[in-house]
Amino acid sequence: MKLTYSNYLKIDELLELQQLQSEPEEHDEMLFIIIHQTYELWFKQILHEMDKLRDDLKTGKTWAVGKTMKRILTILKTMVAQIDILETMTPLEFESFRGFLDEASGFQSVQFREVEIVCGHRSEHILKVHEHQPQYVNRMKERMAEPTLWECFCEYLQQKGYDPEMPERKHKNGLLYDPSEKNQEILLDIMQNDQETAMLCELLVDFDEGMQEWRYRHVKMVERTIGNKMGTGGSSGVEYLRKTLHQRIFPDLWEIRSEI
């Protein structure tokens, strides 16, 4: 078969994936499905970029790291902008099909959990959410065994001749490791004397801030749509999402701000 735009991108199959659950079909459910399917595609791309990013960090490829970081940041901005589209749907329009979603919830997004895991976050509760889906539990456990972004950045610093304290992994919910005073001293020196590495430090802060921006816009969107109602899938809705705000991925890079 000759390769065409349609069969290369599987357009026919793609356009069959929006299967509404509401009966009779509610107009706004189509938007809801397309937005969230698009998010999952972006999560897939971010994970794809993160795999390359970590390899390039470990081998000291500064230019490649910066290029990939900028791509991830642009994707994050695009994801945040998509919330504007979702917010064109009123609470009444969402309520018209919400009951048909049963236990389906964005809280169950395995790919977003994988992104969080690569960033260094851990949660035993998330594994329990998928305990009846062992293929997802295995995927997340495999990610947990991989190096985090910060661990790879520490390896990058070693490639550059620095002697960072490699993070000691903690078995706990939240961030996998604690801040390091030694690393903060190294980072301060970098910010003052090593512009190339300092640029990457700032890109990591941009990413950290971008993730916080995404969380904030997401929680405000949910709040304006369902208020303080219980979320679908048994989650606590806005209450849970608020707890995830301001979760820092790279605390050492934030701590040094007051010392610069």
Side-chain angles (χ1 to χ4, degrees), residues 14-47 72-117 119 121 123 125-133 136 140 173-174 206-249:
L14 179 65
L15 298 182
E16 289 295 320
L17 297 178
Q18 294 75 47
Q19 299 177 13
L20 279 63
Q21 298 299 306
S22 54
E23 295 181 8
E25 291 186 354
E26 291 290 342
H27 176 81
D28 286 273
E29 189 181 358
M30 179 67 76
L31 173 66
F32 187 81
I33 291 173
I34 287 176
I35 287 286
H36 286 83
Q37 287 179 340
T38 305
Y39 279 142
E40 289 298 325
L41 289 173
W42 283 132
F43 292 152
K44 182 174 183 176
Q45 186 65 37
I46 287 175
L47 288 166
I72 293 174
L73 291 171
T74 304
I75 293 172
L76 275 176
K77 291 290 185 185
T78 301
M79 288 171 55
V80 170
Q82 286 181 191
I83 293 177
D84 292 336
I85 304 172
L86 197 55
E87 287 184 338
T88 65
M89 182 173 59
T90 68
L92 282 175
E93 288 166 338
F94 178 57
E95 193 63 30
S96 70
F97 64 85
R98 187 182 184 221
F100 294 97
L101 300 181
D102 196 15
E103 295 187 358
S105 169
F107 182 74
Q108 300 161 344
S109 172
V110 174
Q111 287 197 119
F112 183 67
R113 298 308 171 192
E114 287 184 83
V115 171
E116 289 188 312
I117 289 168
C119 288
H121 289 297
S123 172
H125 177 62
I126 295 304
L127 294 178
K128 290 180 181 178
V129 168
H130 297 282
E131 60 185 352
H132 300 301
Q133 298 168 300
Y136 293 151
M140 288 187 283
N173 286 331
D206 287 342
F207 173 71
D208 204 338
E209 187 175 4
M211 287 292 288
Q212 292 180 52
E213 181 184 12
W214 153 255
R215 291 181 189 278
Y216 174 77
R217 284 300 310 278
H218 186 213
V219 70
K220 298 310 291 185
M221 179 271 294
V222 173
E223 187 174 17
R224 70 179 285 172
T225 303
I226 67 170
N228 291 313
K229 293 178 184 176
M230 182 72 71
T232 53
S235 71
S236 57
V238 171
E239 180 184 351
Y240 167 78
L241 293 172
R242 284 199 190 108
K243 292 178 181 177
T244 67
L245 294 176
H246 312 302
Q247 289 182 348
R248 292 176 174 179
I249 303 169

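Along the sequence shown, residues are numbered consecutively beginning with 1.
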Donor-acceptor check, side chain of [X] to backbone of [Y], threshold 3.5 angstrom: yes or no?
{"X": "Thr78", "Y": "Thr74", "result": "yes"}
{"X": "Glu93", "Y": "Thr90", "result": "yes"}
{"X": "Gln111", "Y": "Glu40", "result": "yes"}
{"X": "Glu87", "Y": "Arg224", "result": "no"}

Inset, instruction - Scan Arg113, Met79, Glu114 and name whichever one has a side chain to side chain contact (heavy atoms under 4.5 Å, CB included) with Phe43. - result: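 The passing option is Met79.
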Minimum-distance pair of heavy atoms, taken over all atoms of [X] and [Y]:
{"X": "Phe97", "Y": "Ser22", "result": "CB-CB, 4.0 Å"}
{"X": "Leu17", "Y": "Gln37", "result": "O-NE2, 2.9 Å"}
{"X": "Trp42", "Y": "Ile75", "result": "CE3-CG2, 3.6 Å"}
{"X": "Val129", "Y": "Gln108", "result": "CG1-CG, 4.3 Å"}

For the atom pair [atom1] ([X]) and [atom2] ([Y]), what is the distance rounded to the nearest 0.5 Å?
{"X": "Asp28", "Y": "Glu95", "atom1": "CG", "atom2": "CD", "value": "12.5 Å"}
{"X": "Thr38", "Y": "Leu86", "atom1": "OG1", "atom2": "CG", "value": "10.5 Å"}
{"X": "Ile46", "Y": "Phe112", "atom1": "CD1", "atom2": "CZ", "value": "9.0 Å"}
{"X": "Met140", "Y": "Glu116", "atom1": "CE", "atom2": "CD", "value": "10.5 Å"}
{"X": "Met30", "Y": "Ile35", "atom1": "CE", "atom2": "CD1", "value": "12.5 Å"}
{"X": "Ile126", "Y": "His121", "atom1": "CD1", "atom2": "NE2", "value": "12.0 Å"}

Legend entry - Derivation and outcome, side chain to side chain contact (heavy atoms under 4.5 Å, CB included), residues Met211 and Val115: CA-CA 10 Å; Met211 287 292 288; Val115 171; 4.1 Å; yes
Legend entry - Contact check, side chains of Asp84 and Arg217, non-hydrogen atoms, under 4.5 Å: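 Side chain of Asp84 against side chain of Arg217, heavy atoms only: contact under 4.5 Å found.
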Inset, instruction - Evaluate side-chain hydrogen bond (donor to acceptor under 3.5 Å, both in side chains) for Gln21 paired with Glu29, printing each intermediate quantity in order. - result: CA-CA 8 Å; Gln21 298 299 306; Glu29 189 181 358; 5.7 Å; no
Inset, instruction - Please lay out, stage by stage, how Ile249 and Gln212 fare under the test side chain to side chain contact (heavy atoms under 4.5 Å, CB included). - result: CA-CA 9 Å; Ile249 303 169; Gln212 292 180 52; over 6 Å; no
Inset, instruction - Apply the test side chain to side chain contact (heavy atoms under 4.5 Å, CB included) to residues Arg248 and Asp208: give CA-CA distance (whole Å), side-chain angles for both, the deciding distance (0.1 Å), then the verdict. - result: CA-CA 7 Å; Arg248 292 176 174 179; Asp208 204 338; 4.2 Å; yes
Inset, instruction - Would you mind checking if Lys128 and Glu131 are paired as a salt bridge, meaning a charged N to carboxylate O distance below 4.0 Å? - result: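 Salt bridge absent between Glu131 and Lys128.
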Inset, instruction - Mind running side chain to side chain contact (heavy atoms under 4.5 Å, CB included) on Phe32 and Leu101 for me, showing each step along the way? - result: CA-CA 11 Å; Phe32 187 81; Leu101 300 181; 4.0 Å; yes
Inset, instruction - Please say whether more than 12 non-hydrogen atoms of neighbouring residues, nucleotides or ligands are located less than 6.0 Å from CG in Leu92. - result: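 12 or below, so no.
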